[in-house]
Amino acid sequence: LITGYRFITLKLYKKYLTEKNSHLYYRHFFIGAALSGLCWGAAGYFLFVSENVFYQSLLAFIIAGMSAGSILILAPFIEILLTYMFLVITPFFIRLVEEWTLESHQMAFMVFLFGFVMLTSSRRTHKIIIDGLCMRHKYYKAEEQITHLAYYDDLTGVANRRLLTN
């Protein structure tokens, strides 16, 4: 159901995106990521098997994989990424703390460290992506300006010989 909502949002975004409605798709993207995070977080809480450390470890790997995989997709929108990761990791962390065993508290500490490392790397990835997009935008602006200077007089703005011969 959540995947269907996200898929429809993507299709509508690709078909109808304009400057005026981009905030609408951002909101739908946020809602879809939050619902997905809630679903994975609920799985981490309700699929937790108290008596079996093997299943707890398997669940930890699945939650960690979903969190780590989201970084590249959600990093351009850091607030969406942080919301998603919080909703995915926190329920599993709470469930581990509720167990009151040495192993579960050790695993909870590891989940906390994992969350911290993911937070650090996601902020770094966000910065790299945003800087890359800014550089790309500056490149296109510079290319536009160079093309304009090649074909138009800088002082008067009138077309020069190069434009007329092409």
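When a residue number appears, it is its place in the shown sequence, counting from 1.
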>> For residues 68-94, which residue pairs pass the side-chain hydrogen bond (donor to acceptor under 3.5 Å, both in side chains) check, not counting sequence neighbours?
In response: Tyr26-Glu79

Inter-residue atom distance [X].[atom1] - [Y].[atom2], 0.5 Å rounding:
X	Y	atom1	atom2	answer
Thr9	Arg27	OG1	CZ	11.5 Å
Phe114	Ile89	CZ	CD1	5.5 Å
Arg124	Leu119	CZ	CG	10.5 Å
His126	Leu82	NE2	CG	9.0 Å
Leu72	Ile128	CG	CD1	10.0 Å
Phe93	Met110	CZ	CE	12.5 Å

Is it the case that over 12 heavy atoms from other parts of the model lie below 6.0 angstrom from the [atom1] atom of [X]?
X	atom1	result
Leu1	CG	no
Phe86	CZ	no
Leu12	CG	yes
Glu143	CD	yes

If Ile, Leu, Val, Met, Phe, Trp and Tyr residues are connected whenever their side-chain heavy atoms lie under 4.5 Å apart, and connections chain through other members, are [X] and [Y] in the same group?
X	Y	result
Leu87	Ile71	no
Ile73	Ile129	no
Phe112	Leu59	yes
Leu133	Leu74	no
Ile78	Ile80	yes

> Under 3.5 Å, side chain of Ser36 to main-chain N/O of Gly32, donor-acceptor pair present?
Replying inline: no

List the residues meeting side chain to side chain donor-acceptor pair (under 3.5 Å) with [X], not counting sequence neighbours, and say none if there are none.
X	result
Tyr55	none
Thr101	Ser104
Glu99	Ser50
Thr156	Asp153

For a quick test of reading the model, state the closest non-hydrogen atom pair linking [X] to [Y] and the distance between them.
X	Y	value
Pro76	Ile130	O-CD1, 4.0 Å
Thr125	Ala75	CG2-CB, 3.7 Å
Pro91	Gly41	CB-O, 3.2 Å
Leu96	Gln56	CD2-OE1, 4.4 Å

> What do the steps show when you test Tyr5 against Ile31 for side-chain contact (heavy atoms from CB on, under 4.5 Å), and what is the final call?
Replying inline: CA-CA 10 Å; Tyr5 171 76; Ile31 291 168; 3.8 Å; yes

>> What verdict does the side-chain contact (heavy atoms from CB on, under 4.5 Å) test give for Val49 and Phe54, after you've listed the backbone C-alpha separation in whole Å, the side-chain angles of each residue and the deciding distance to 0.1 Å?
In response: CA-CA 9 Å; Val49 180; Phe54 173 75; over 6 Å; no

> Can you check side-chain contact (heavy atoms from CB on, under 4.5 Å) on Gln145 and His148, steps first, answer last?
Replying inline: CA-CA 5 Å; Gln145 185 179 10; His148 181 73; 5.6 Å; no

> Who passes side chain to side chain contact (heavy atoms under 4.5 Å, CB included) against Ala60, sequence neighbours left out?
Replying inline: Phe92, Met107

>> Pair Trp40, Ile62 - check side-chain contact (heavy atoms from CB on, under 4.5 Å), show working.
In response: CA-CA 9 Å; Trp40 282 108; Ile62 292 169; 3.8 Å; yes

